[in-house]
Asker: 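I am attaching a structure below and will ask some questions about it afterwards.
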Amino acid sequence: MKVAVTYENGQIFQHFGHTEQFKVYEIADGAIAGEQVVDTNGSGHGALAGFLLEHGVDTLICGGIGGGAQMALAEAGIRLYGGVSGEADAAVQALLEGRLSFDPDVHCDHHSHEGGEHSCGNHGCGSHSCGH
């Protein structure tokens, strides 16, 4: 099993489509057997599902994620655990132990937010949900 986490400075990055890095964990016998941080090289939204497939990822942990990206992941057969925040390493460990708190109905609807795009990690308007 390979688990990817949207990643920034040790934390789960809160917007899948804008993540610049994933931390990818190789899982063997229920434990982390290896890990590496990979750059997305500017891939965004829909292209990220293909990027994850190319890296052999079958499970994703992230914060907010839009509907289109969720569909792309589903079509790629990648399991999604969204609406997660905190330390990336701790989230993967919680997943392995069957105690990861996630939101099965996570969404990030900022795309229709007045005033244009913004970082889902810095909420201020209070008019949308990015898994928080």
Asker: Is there any salt bridge (charged side-chain N to carboxylate O under 4.0 Å, His left out) pair reaching into residues 72-88, and which pairs are they, with sequence neighbours excluded?
Answerer: Asp58-Arg79
Asker: Should Leu53 and Ile65 be regarded as members of a common hydrophobic cluster, given that ILVMFWY residues are connected when their side-chain heavy atoms come within less than 4.5 Å of each other, either directly or indirectly?
Answerer: yes
Asker: Side chains of Leu73 and Leu52: does their closest heavy-atom pair fall under 4.5 Å?
Answerer: yes
Asker: Can you list the steps and then say if Phe22 with Phe13 is a side chain to side chain contact (heavy atoms under 4.5 Å, CB included)?
Answerer: CA-CA 9 Å; Phe22 288 103; Phe13 186 69; over 6 Å; no
Asker: Show the numbers, then the answer: is there a side chain to side chain contact (heavy atoms under 4.5 Å, CB included) between Gln70 and Val106?
Answerer: CA-CA 9 Å; Gln70 288 182 36; Val106 68; 4.1 Å; yes
Asker: Going hydrophobic residue to hydrophobic residue with side-chain gaps under 4.5 angstrom, can you get from Met1 over to Val84?
Answerer: yes
Asker: Distance-only criterion, 3.5 Å: show the donor-acceptor pairs between side-chain atoms of residues 27-38 and protein atoms not counting sequence neighbours.
Answerer:
| unit_1 | atom_1 | unit_2 | atom_2 | d |
| --- | --- | --- | --- | --- |
| Glu35 | OE2 | Lys23 | NZ | 3.0 |

Asker: Taking atom CD of Glu20 and atom OG1 of Thr6, what is their separation to the nearest 0.5 Å?
Answerer: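 Glu20 atom CD to Thr6 atom OG1 measures 12.0 Å (nearest 0.5 Å).
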Asker: Rounded at 0.5 Å granularity, tell me how far CZ in Phe102 sits from CD1 in Ile61.
Answerer: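 Atom-to-atom, Phe102:CZ and Ile61:CD1 are 10.0 Å apart.
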Asker: So, do Thr59 and Tyr25 sit near enough that their side-chain heavy atoms are less than 4.5 Å apart?
Answerer: no
Asker: Over all heavy atoms of both residues, which pair between Phe16 and Leu48 is shortest? Give the atoms and the distance, please.
Answerer: O-CD1, 3.1 Å
Asker: Does the side chain of Leu80 reach to within under 4.5 Å of the side chain of Cys62, using non-hydrogen atoms?
Answerer: yes
Asker: Is there a side-chain contact between Val24 and Val5 in this structure, where contact means two heavy atoms from C-beta onward sitting under 4.5 Å apart?
Answerer: no
Asker: Using the rule given for side chain to side chain donor-acceptor pair (under 3.5 Å), can you reason through Tyr81 versus Asp103, listing the C-alpha separation, both sets of side-chain angles and the distance that settles it, and then say yes or no?
Answerer: CA-CA 7 Å; Tyr81 295 90; Asp103 180 358; over 6 Å; no
Asker: Over all heavy atoms of both residues, which pair between Ala91 and Ile12 is shortest? Give the atoms and the distance, please.
Answerer: CB-CD1, 3.7 Å
